[in-house]
Every structure is written in C-alpha cells, then in structure tokens.
Amino acid sequence: NAGVTQTPKFRVLKTGQSMTLLCAQDMNHEYMYWYRQDPGMGLRLIHYSVGEGTTAKGEVPDGYNVSRLKKQNFLLGLESAAPSQTSVYFCASTPPGSQPQHFGDGTRLSIL
Amino acid sequence: GENVEQHPSTLSVQEGDSAVIKCTYSDSASNYFPWYKQELGKRPQLIIDIRSNVGEKKDQRIAVTLNKTAKHFSLHITETQPEDSAVYFCAAITPAGTALIFGKGTTLS
C-alpha cells in the first residue's frame with residue numbers, strides 16, 4: 001500500500017498562474033483533508049471532504065477550490081496563485097469517527 | 001469553532017530529562033486528541049492519541065493526560081533522546097467529528 005500520495009512534490013509558479021495539486025489514497029478512507037503549513041503557524045485546514053462528491057471549508061479556504069469526484073482522490077486548485085500561497089501543502093485521509101489521520105509527504109509550492 | 005492553543009513554542013531539554021507540552025481547547029464537546037511528531041522535511045506522524053473517556057494513556061516513554069474539566073491535555077516525554085528532537089503538534093477533533101484543528105506546534109530540541 002502506498003498510503004497517501006501527493007503530486008507534485010515541488011512546484012514553482014508565477015503570480016496569477018493556476019495549478020492543481022493531486023492527493024490519492026489507497027486505504028478506502030471516507031474523509032480527506034488539505035492543510036497548509038507555514039513557519040510558526042502549524043497545520044491549518046484549507047478544505048476537507050467527508051465523502052465522494054462532498055466538500056467543506058476549513059479554517060483558511062480563501063483562494064482555493066477543491067473537488068472529490070472519486071473517493072480515492074482529492075484535488076486542490078489554485079485559480080490565480082498569489083505569493084501569500086507559498087507554503088507546504090499536506091493532504092491527509094482517515095476513516096470516519098475519531099481516528100488518526102494519515103498524511104502524505106507534502107507539496108512544496110513557491111509562488112514568485 | 002474549535003480553537004487549540006499550544007505551549008511552549010520551543011523547548012530545550014538535556015538528554016535524559018523529561019519534556020512536557022501543553023495544549024488547551026475551546027469546545028467542550030471535542031472528544032479526540034491526537035499528538036503528531038514531524039521531523040524536518042517529513043510528514044507529520046501520529047505518536048499517541050487519547051479519547052475523552054480516558055484520563056491518561058502511556059506508550060513506553062510517551063504519555064498523554066487529559067483534563068476535560070479544564071479543557072487541556074498534555075504530552076509527556078520521559079528520558080528524552082536526541083531522536084526525540086522534532087516539532088510536535090497537538091490537535092482536537094471538531095464536535096461534528098469531521099476535522100482536526102491543530103495547535104501551532106512545539107519545537108523540541
């Protein structure tokens with residue numbers, strides 16, 4: 001089992017460009033999450049999904065969109081990248097209920 | 001919504017000493033509190049968790065205590081070793097049980 005796989009691992013964008021980050025999990029988990037991690041700010045929840053076809057806003061959703069068309073995939077989109085979105089992005093998944101989250105290796109995104 | 005405060009932000013200890021990291025949460029309906037360890041450049045990994053029906057849980061050198069009345073929980077690491085150096089995050093589950101809210105982390109060295 002690969003667990004949670006994030007694509008790409010690194011990316012550099014110019015301000016205004018768009019891109020999509022892909023998260024794939026092979027554990028048949030219902031819940032999936034996108035976080036951003038900035039120095040001194042911990043892990044902040046961007047969006048999450050409790051099942052195929054459903055998404056919800058987290059703590060810092062502005063500037064991002066998500067889609068969960070398939071249970072195993074959770075996509076994070078930046079429509080018009082801004083330097084403030086430079087960060088490390090982590091995806092995670094978990095079964096329903098109070099269960100540990102499993103994290104991917106992260107995507108390091110720089111926006112110039 | 002749920003808010004999690006974590007202290008201290010940095011902690012330095014001598015090898016062999018104990019380390020304690022404390023977190024408070026805002027919503028009394030939260031019932032699940034995991035702790036994650038993140039080494040430099042790596043993903044966060046669960047090290048221990050506790051549910052609200054338990055006051056303390058131990059796993060070798062690591063223990064977590066929960067005080068539901070005061071709405072705080074703590075991570076205790078005994079006999080610290082160099083490989084314990086990392087960033088530690090506490091988290092609390094939202095009352096709906098659908099998401100975790102994380103503290104800002106503690107850098108232990």
Side-chain angles (χ1 to χ4, degrees), chain A residues 2-7 9-10 21 23-25 27 29-52 54-61 66 68 74 87-108, chain B residues 1-10 21 23-27 29-54 57 59 64 66 68 73 86-107:
Chain A
V4 179
T5 302
Q6 292 184 231
T7 309
K9 296 189 186 309
F10 304 95
L21 280 65
C23 178
Q25 54 95 3
M27 298 173 283
H29 287 169
E30 286 293 330
Y31 294 1
M32 295 187 73
Y33 306 87
W34 277 107
Y35 296 91
R36 61 177 290 173
Q37 184 174 33
D38 304 292
M41 298 299 292
L43 291 156
R44 292 185 291 171
L45 183 64
I46 304 171
H47 286 281
Y48 64 99
S49 168
V50 298
E52 183 178 320
T54 71
T55 63
K57 294 180 180 180
E59 301 170 272
V60 288
V66 289
R68 182 104 182 265
F74 195 28
S87 188
V88 180
Y89 292 85
F90 284 99
C91 176
S93 71
T94 187
S98 301
Q99 301 291 336
Q101 291 187 5
H102 299 258
F103 283 83
D105 286 333
T107 294
R108 188 172 298 274
Chain B
E2 177 70 276
N3 184 51
V4 176
E5 299 284 338
Q6 182 172 347
H7 299 280
S9 57
T10 60
I21 303 170
C23 289
T24 60
Y25 60 100
S26 60
D27 199 317
S30 292
N31 61 9
Y32 175 65
F33 308 93
W35 285 88
Y36 286 82
K37 176 183 180 181
Q38 186 181 29
E39 298 176 349
L40 190 63
K42 300 289 182 63
R43 69 177 77 181
Q45 293 196 303
L46 180 80
I47 54 171
I48 196 167
D49 57 8
I50 191 167
R51 290 173 171 76
S52 60
N53 58 348
V54 175
K57 183 177 179 180
D59 183 3
V64 57
L66 172 64
K68 289 169 54 181
F73 56 111
V87 180
Y88 292 81
F89 293 99
C90 64
I93 198 166
T94 58
T98 54
L100 289 177
I101 302 301
F102 284 81
K104 292 184 177 180
T106 297
T107 301

Heavy-atom cut-off 4.5 Å, strictly under: side chain, backbone, both or neither for A:F103 against chain B?
both
Heavy-atom contact with chain B under 4.5 Å, split by part of A:L43:
both
Electrostatic pair A:D38:A:R36 at N-O distance under 4.0 angstrom
yes
Please give me the minimum heavy-atom distance between B:F89 and A:G42, naming the atom from each residue.
CE2-CA, 3.5 Å
Quick one: what part of [X] sits under 4.5 Å from any heavy atom of chain A, side chain, backbone, both or neither?
X     : answer
B:F33 : neither
B:T98 : both
B:P34 : neither
B:I93 : side chain
B:Q38 : side chain

Not counting sequence neighbours, which residues clear salt bridge (Lys or Arg N to Asp or Glu O under 4.0 Å) with A:E30? List them please.
A:K71
Got a sec, which residues hit salt bridge (Lys or Arg N to Asp or Glu O under 4.0 Å) with B:E5, two or more places apart in sequence or on another chain?
none
Can you tell which of B:G103, B:G105, B:A99 has the highest number of heavy-atom pairs within less than 4.5 Å of chain A?
B:A99
Which one of B:T94, B:D49, B:I101, B:V4 has the most heavy-atom pairs closer than 4.5 Å to chain A?
B:I101
By the definition ring-ring contact (aromatic ring centres under 6.0 Å, His included), identify the one residue from B:W35, B:Y25, B:Y36 that meets it with B:F102.
B:Y36
Is there a donor-acceptor pair under 3.5 Å between the side chain of A:T54 and the backbone N or O of A:S49?
no
Measuring from atom SG of B:C90 to atom CZ of B:F73, what distance do you get when rounded to the nearest 0.5 angstrom?
4.0 Å
